[in-house]
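Below: one structure, written as structure tokens.
We name chains A, B, ... by the order of the sequence lines, and we start the count at 1 in each one. Remember, it's a predicted structure, so these values are computed and weren't measured experimentally.
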Protein chains: 2
Amino acid sequence: MKIETVDFFYLSMPEVLDIGDGSQDALLVRIRAAGLEGWGECEASPLTSIASYVCPMSHSACKPLKYSIEGKGINSAEDIYRITADVRENSLDLLQADHTLSGIDIALWDLLGKKLEQPVYKLLGYQQAYPKLPYASQLFGNTPEETYEKATSTAAKGFRAVKFGWGPFGKQNLEQDIAHLHAAREGTDKDAYLMIDAGTAWTENNSEAARRLPALKAINAYWLEEPFVNGALEAYKMLSETAPQVALAGGEGCNNFVQAQAMINHAGLHFIQIDAGRIGGITTAKKVADLARSKSVTYVNHTFTSHLALSASLQPYAGIENDLISEYPVELKMLAQEIGKEKIIPDSSGYIHVPEKPGLGITVDTAPLQKYLVDVEIKVNGKQIYYTPQL
Amino acid sequence: MKIETVDFFYLSMPEVLDIGDGSQDALLVRIRAAGLEGWGECEASPLTSIASYVCPMSHSACKPLKYSIEGKGINSAEDIYRITADVRENSLDLLQADHTLSGIDIALWDLLGKKLEQPVYKLLGYQQAYPKLPYASQLFGNTPEETYEKATSTAAKGFRAVKFGWGPFGKQNLEQDIAHLHAAREGTDKDAYLMIDAGTAWTENNSEAARRLPALKAINAYWLEEPFVNGALEAYKMLSETAPQVALAGGEGCNNFVQAQAMINHAGLHFIQIDAGRIGGITTAKKVADLARSKSVTYVNHTFTSHLALSASLQPYAGIENDLISEYPVELKMLAQEIGKEKIIPDSSGYIHVPEKPGLGITVDTAPLQKYLVDVEIKVNGKQIYYTPQL
């Protein structure tokens, strides 16, 4: 079959708050071919990603994404690999391209799965999908008391793993950060996995991060995530060797394979966290999962939006039994909740399961999404080059 | 003074060809404050960069660039450093932000230099600017014969350093590539520096690159540039240790400091090439130049567009006497030629000099640019959020 249409839908909550909650807007991608449709989701800045799809060519290595995609044949995994390679070559100097490719690649896998009547993880070569232990991923409270309350409420829901991140953490003084850390543990079962996400708070500042290690050790943090900006190999490596040692997690900011490779090989990480909506989609994420396995680094999905994105994020490591932990957002805005008809819900033992239906196994229900649709129109020299299509 | 307006101008040749010539379009940035104006230039995909400046916020770490810039005070270098840090934090998840920031940062330095009546390199802390030896940077011919002709014609113009890149090189078989390499040397003075730019042709494929090493050695190539995609640390490192050894150059694709740091520390490079129009501007480029000096890696500017961009690219290492070589595009399209009133022209000894006038020392002449102006209009939910301002 051939790609017939590639449509982007910018969805947004009526009000977007200045908080670290990535579920407040979304860019859905719908690809149609031969009576089927595949859906994907790009992470972050819908308008910018749309522009990268339709922009005029700047030169041979800075073409719009549509150049590599429209009208291309999709009959096998190899066709998707080829499209990914084409985008990387034709849009080499178009920085936003990797984020835009991500949603497209995800939609292509969903489409191919529907055509071949297989879940995506099987198309990736896995025989079966293993259950994952979801961690309830949420923002720190504004105060330690709020963090404590969020922790007890999450524990009451039966989660055996919890992560707190962003919010005030890392932006205040040491004592306040320590108070949040202890509040998080006190509200959480003492045997539960507890992860802490610093949201790149210390940029490349090793000593500020190191000052938090004793408290992280004291609360038995399972990992410290993103103390530094993505790719700050030296800072990560040094912190990984600083006592008391706390396992480090990072990588969500990687937007291609070699960046993840560098983090795996040079940053001293225990956990590599990959967002399929940023790294170039499921294709590139799977390549990272293979590398991580060969290097004994644990792969973890990164996701903070819809269950469509959640399903996409799980496919690349669905078949790796030992990589048990998975991110599971629990504070989704209504928009993100309404994107997928089916939900990936923890079973009575607390595990989640990768959908077994063809493709990503999540049906996008367009009716409730109409109210979130943001109309975008782009004109270049008076000619309309983009207008929001019919959802 | 306070930033009053930040205006973007998308300029384009009437026809953009599918060749590796980045001078076919441009995104100029004009920043006005207190009766002065500073000019900068972003590399690649004008429409996408404009979108990243005006897009609605997605969440706290995905804000449009304007959030960190409009109305801010500019009185010292520290103000520019602060704005750079703000953009990196507020637009962390907006991939295109680094390219957009680049042009803004360059315009801010130009503006500040005009206010303080100093050339930018002095504001960066250099006492003087040393002459640079420009290499004539051009595309390979379509055939070895064309490459030979281009080489002889460039030698006749008195250039003592020449680079050939892109075009068919690396996309053909080994024998054809070797023919191009010998043609380039035969047309060039045997004592001239001759550099070869593979334009990421082999992605991460080490063996394909290694097969070219004997020919590169035979023609005494001063460096082999970008055999692989930016950040492919393992492939670069391995090639740097493969016999016969040829010095490697790379880094133009870096869009922040830590990516350049990784290339310097882990890729086995002799030359780190930084494009001020991509890495986040002069601020970040200078930080890389400082690091490169401390690691005995030679800094080289990367630029392929106007003399405004050329001046910006030279400032970060203007005061490093030993880093002599500089990229100097010689096949500029008329658009790029007409951007700057003043030109940076080699002197009778073949050296170029960083302008000594305040700011970047290049006056942008708007009259001849009118004919290249591309009108852009962006509407979100019916509201116009961008329209090309008056040039």
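- When heavy atoms are compared at a cutoff of 4.5 Å, B:Glu89 approaches chain A solely by way of its side chain, counted from C-beta outward.
- Residue A:Leu92 touches chain B through its side chain alone, counting heavy-atom pairs closer than 4.5 Å.
- Within the 4.5 Å cutoff, side-chain heavy atoms of B:Ile385 are placed close to those of A:Leu47.
- Neither the backbone nor the side chain of A:Arg88 comes within less than 4.5 Å of any heavy atom in chain B.
- Heavy-atom pairs under 4.5 Å with chain B peak, among A:Glu252, A:Glu43, A:Met57, at A:Met57.
- Using a 4.5 Å cut-off between heavy atoms, A:Tyr67 contacts chain B through its side chain alone, with no backbone atom that close.
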In sequence, state the C-alpha distance, the side-chain angles, and the governing distance for A:Leu233 and B:His266, and then conclude on side chain to side chain contact (heavy atoms under 4.5 Å, CB included).
-> CA-CA 10 Å; A:Leu233 306 179; B:His266 299 290; 3.9 Å; yes
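- Counting all heavy atoms, side chain and backbone alike, B:Val258 lies closest to A:Asn230 at CG2-O, 3.5 Å.
- Atoms CG and OG1, from A:Leu95 and B:Thr100 in turn, are 8.5 Å apart once rounded to the nearest 0.5 Å.
- Contact annotation for B:Thr200: only side-chain heavy atoms (C-beta onward) come within less than 4.5 Å of a heavy atom of chain A.
- Proximity to chain A (any heavy atom under 4.5 Å) is restricted, for B:Cys62, to the side chain, taken from C-beta onward.
- Enclosure of atom NZ in B:Lys371 by more than 12 non-hydrogen atoms of other residues, nucleotides or ligands within 6.0 angstrom is indicated.
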Give the table of side-chain donor-acceptor pairs shorter than 3.5 Å for residues 8-20 of chain B, with sequence neighbours excluded, one pair per line with atom names and distance.
residue: B:Asp18; atom: OD1; partner: A:Lys63; partner atom: NZ; Å: 2.9
residue: B:Asp18; atom: OD2; partner: A:Lys63; partner atom: NZ; Å: 3.4

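- A salt bridge links A:Glu204 and B:Lys287; the closest N-O separation between the charged side-chain nitrogens and carboxylate oxygens is under 4.0 Å.
- A distance of 10.0 Å separates CD in B:Gln384 from CD in A:Glu377, rounded to the nearest 0.5 Å.
- Once rounded to the nearest 0.5 Å, the distance linking OG of B:Ser52 with CD of A:Gln96 reads 7.5 Å.
- Side-chain atoms of A:Ser45 and B:Asp93, non-hydrogen and from C-beta on, never get closer than 4.5 Å to each other.
- In this structure, the portion of A:Asn265 lying under 4.5 Å from any heavy atom of chain B is its side chain and not its backbone.
- When each of A:Pro46, A:Ser91, A:Ala51 is scored by its heavy-atom pairs under 4.5 Å with chain B, the top score falls to A:Ala51.
- For A:Asn381 (side chain) and B:Asp375 (main-chain N/O), a donor-acceptor pair under 3.5 Å exists by modelled atom type.
- Of the listed residues (A:Pro56, A:Pro64, A:Gly253), the greatest number of heavy-atom pairs within a distance under 4.5 Å of chain B belongs to A:Pro56.
- The structure places NE2 of A:His59 at 7.0 Å from CH2 of B:Trp166, a figure rounded to the nearest 0.5 Å.
- Going from atom CG of A:Leu94 over to atom NE2 of B:His99 covers 8.5 Å, rounded to the nearest 0.5 Å.
- Residue A:Thr388 holds its OG1 atom at 12.5 Å from NZ of B:Lys379, rounded to the nearest 0.5 Å.
- For A:Phe257, the part sitting under 4.5 Å from any heavy atom of chain B is the side chain, from C-beta outward, and nothing else.
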